[in-house]
Amino acid sequence: LLRETIKTDDGMSKLIANSIAKKGLKKIGVLGLSYKGDLKVSVLSKVIPLIKFLIRKKIKVRLYDPYFSNKEIYDAAKVKTFSFPKDLPNFDGLILSVDHKKFKIRKKTLEKYLKNCKLIIDHDGAWRKYKLKNNYYLSGDRGWIWITKKDLIINVKVFKSVITGGAGFVGSNLVDRLVSIGHRVIVLDNFVSGKRSNISHHNKKNVKIIKIDVSSKNLDKYFKKADY
């Protein structure tokens with residue numbers, strides 16, 4: 001699973017970078033180096049390979065994360081940082097990789113800084129409730145990236161994964177990671193110890209939540225045609 005995850009991670013990053021380039025965007029601001037909201041953990045961050053492919057497309061990229069210093073950001077992603085929200089008008093596209101609480105500023109304040117923004121891709125739904133009009137897309141929404149059949153064949157296969165206990169701490173982090181690289185996930189959990197809120201931010205197209213005990217005899221149907 002880890003080997004296929006790494007392959008798919010690069011494939012999805014390449015697809016997103018190609019799509020942004022096709023839309024003619026030249027300056028991208030990335031919000032979030034962490035792999036999960038309100039944590040300072042950059043290991044396996046999904047934005048690092050994405051930034052690499054954006055730069056290959058001659059797109060200027062800046063990265064901001066309130067939990068990391070300027071030096072830590074540069075050491076991890078090899079790009080400079082910027083001030084949030086003051087520098088947002090400098091970008092024609094934004095990518096929100098995590099839902100840090102510090103990104104959730106007042107809608108009126110945010111809109112004031114988005115006047116030049118032509119595309120927003122929001123992975124975890126940090127700005128979903130704002131109903132922004134700047135071509136806002138939640139990851140996985142129809143039209144969130146432009147791809148051709150050739151892109152899909154060459155770059156990425158959409159995997160189907162089933163996670164038991166997916167609402168717990170470990171399981172929900174695995175769900176986040178798999179969704180970030182394009183997997184469709186089925187979560188099986190009885191919610192005795194796991195919390196629905198750990199995975200409720202995901203688009204229903206990407207994550208299907210089933211309340212069921214793993215000791216049940218009716219699990220087979222959920223594993224049919226699953227890759228993992």
Side-chain angles (χ1 to χ4, degrees), residues 2-36 42-65 68 72-82 84 87-100 103 114 116-127 132 134-159 176-184 202-203 205-206:
L2 178 59
R3 184 167 54 249
E4 294 300 328
T5 293
I6 293 170
K7 289 180 183 177
T8 310
D9 203 3
D10 278 351
M12 183 58 70
S13 295
K14 188 180 293 185
L15 284 177
I16 296 171
N18 287 344
S19 177
I20 289 173
K22 288 175 185 176
K23 293 183 180 186
L25 304 183
K26 302 297 183 183
K27 298 179 180 180
I28 298 296
V30 179
L31 293 168
L33 173 60
S34 298
Y35 84 95
K36 189 175 179 64
S42 62
V43 177
L44 294 179
S45 168
K46 51 187 170 286
V47 303
I48 293 176
L50 174 57
I51 288 173
K52 177 181 68 176
F53 286 114
L54 287 171
I55 292 173
R56 287 183 184 177
K57 290 292 180 179
K58 309 300 182 183
I59 295 171
K60 294 181 180 179
V61 184
R62 294 291 183 266
L63 170 63
Y64 171 75
D65 192 305
F68 293 84
E72 288 172 330
I73 287 174
Y74 187 83
D75 288 345
K78 300 299 182 283
V79 294
K80 294 180 180 179
T81 189
F82 64 94
F84 175 83
D87 288 340
L88 292 183
N90 296 336
F91 306 109
D92 50 17
L94 292 171
I95 298 172
L96 283 85
S97 68
V98 292
D99 59 345
H100 288 332
F103 294 160
L114 295 178
N116 298 324
C117 190
K118 300 174 183 177
L119 174 70
I120 298 171
I121 297 175
D122 187 348
H123 173 64
D124 282 344
W127 293 351
L132 300 170
N134 303 67
N135 285 322
Y136 172 90
Y137 294 96
L138 191 65
S139 294
D141 281 350
R142 181 182 296 275
W144 75 291
I145 54 175
W146 291 357
I147 56 176
T148 64
K149 290 182 179 179
K150 184 178 179 181
D151 288 329
L152 286 173
I153 293 171
I154 293 176
N155 291 313
V156 66
K157 173 186 174 183
V158 178
F159 292 104
D176 289 342
R177 183 61 181 167
L178 291 175
V179 170
S180 76
I181 58 173
H183 284 229
R184 297 294 182 262
H202 286 294
N203 190 313
K205 295 178 183 178
N206 298 329

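Quantities reported herein were computed from a predicted structural model and do not represent experimental measurements.
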For Ser34, does its backbone N or O pair with a side-chain atom of Asp65 as donor and acceptor, under 3.5 Å? yes

Shortest non-hydrogen contact between Tyr74 and Lys80, atoms and distance: CD1-N, 4.3 Å

Run the side chain to side chain contact (heavy atoms under 4.5 Å, CB included) test against Ala21 and tell me which residues pass, sequence neighbours left out. Lys57, Ile59

Please walk me through it: do Ile28 and Leu94 pass side-chain contact (heavy atoms from CB on, under 4.5 Å)? CA-CA 6 Å; Ile28 298 296; Leu94 292 171; over 6 Å; no

Distance check, rounded to the nearest 0.5 Å: Leu54 atom CG versus Asn18 atom CG? 9.5 Å

Phe53 and Ser13 have their tightest heavy-atom pair at CD1-CB, 3.7 Å

Smallest heavy-atom separation, Phe82 atom then Gly29 atom, equals CE2-CA, 4.3 Å

Tyr64 and Phe103 aromatic ring geometry - parallel, tilted or perpendicular at 30°/60° bounds: tilted

Looking only at non-hydrogen atoms, find the nearest pair between Leu33 and Ser42 and report the distance. CG-CB, 3.9 Å

Identify the heavy atoms of Asn135 and Lys118 that sit nearest to each other, and give their distance. ND2-O, 2.9 Å

Measure the spacing between CG of Leu31 and CG of Asp99 and express it to the nearest 0.5 Å. 12.0 Å

Atom CZ of Arg177 and atom OG of Ser45: how far apart are they, to the nearest 0.5 Å? 7.5 Å

Contact summary for Tyr136 and Asp122, nearest pair of heavy atoms: OH-OD2, 2.7 Å

Mind checking what makes side-chain hydrogen bond (donor to acceptor under 3.5 Å, both in side chains) contact with His123, not counting sequence neighbours? none

Quick check: does any side chain N or O of Lys46 sit under 3.5 Å from a backbone N or O of Ser97, one acting as donor and the other as acceptor? yes

Do the non-hydrogen side-chain atoms of Ile20 and Ile95 ever get within less than 4.5 Å of each other? yes

Reported NZ-to-NZ distance for the pair Lys58 and Lys60, which is rounded to 0.5 angstrom: 12.5 Å

N/O donor-acceptor pair under 3.5 Å between Thr81 side chain and Leu63 backbone: yes

For Ile121 and Leu96, run side-chain contact (heavy atoms from CB on, under 4.5 Å): C-alpha distance rounded to whole Å, both residues' side-chain angles, the deciding distance at 0.1 Å, then the answer. CA-CA 6 Å; Ile121 297 175; Leu96 283 85; over 6 Å; no

Val30 vs Arg62, side-chain contact (heavy atoms from CB on, under 4.5 Å): CA-CA, chis, key distance, verdict: CA-CA 6 Å; Val30 179; Arg62 294 291 183 266; over 6 Å; no

So does Lys23 have more than 12 non-hydrogen atoms from other groups sitting under 6.0 Å from NZ? yes

Electrostatic pair Lys36:Asp176 at N-O distance under 4.0 angstrom: yes

Does Lys78 reach the main-chain N or O of Asp75 with its side chain, forming a donor-acceptor pair under 3.5 Å? yes

Evaluate the criterion side-chain contact (heavy atoms from CB on, under 4.5 Å) for residue pair Trp127 and Leu132; output intermediate values, then yes/no. CA-CA 8 Å; Trp127 293 351; Leu132 300 170; 3.7 Å; yes

Closer than 3.5 angstrom, by distance alone: can the side chain of Asp92 be matched with the main-chain N or O of Lys27 as a donor-acceptor pair? yes

Could I get the full list of salt bridge (charged side-chain N to carboxylate O under 4.0 Å, His left out) partners for Asp124, not counting sequence neighbours? none

Between atom SG of Cys117 and atom CG of Asn90, what is the distance when rounded to the nearest 0.5 Å? 11.5 Å

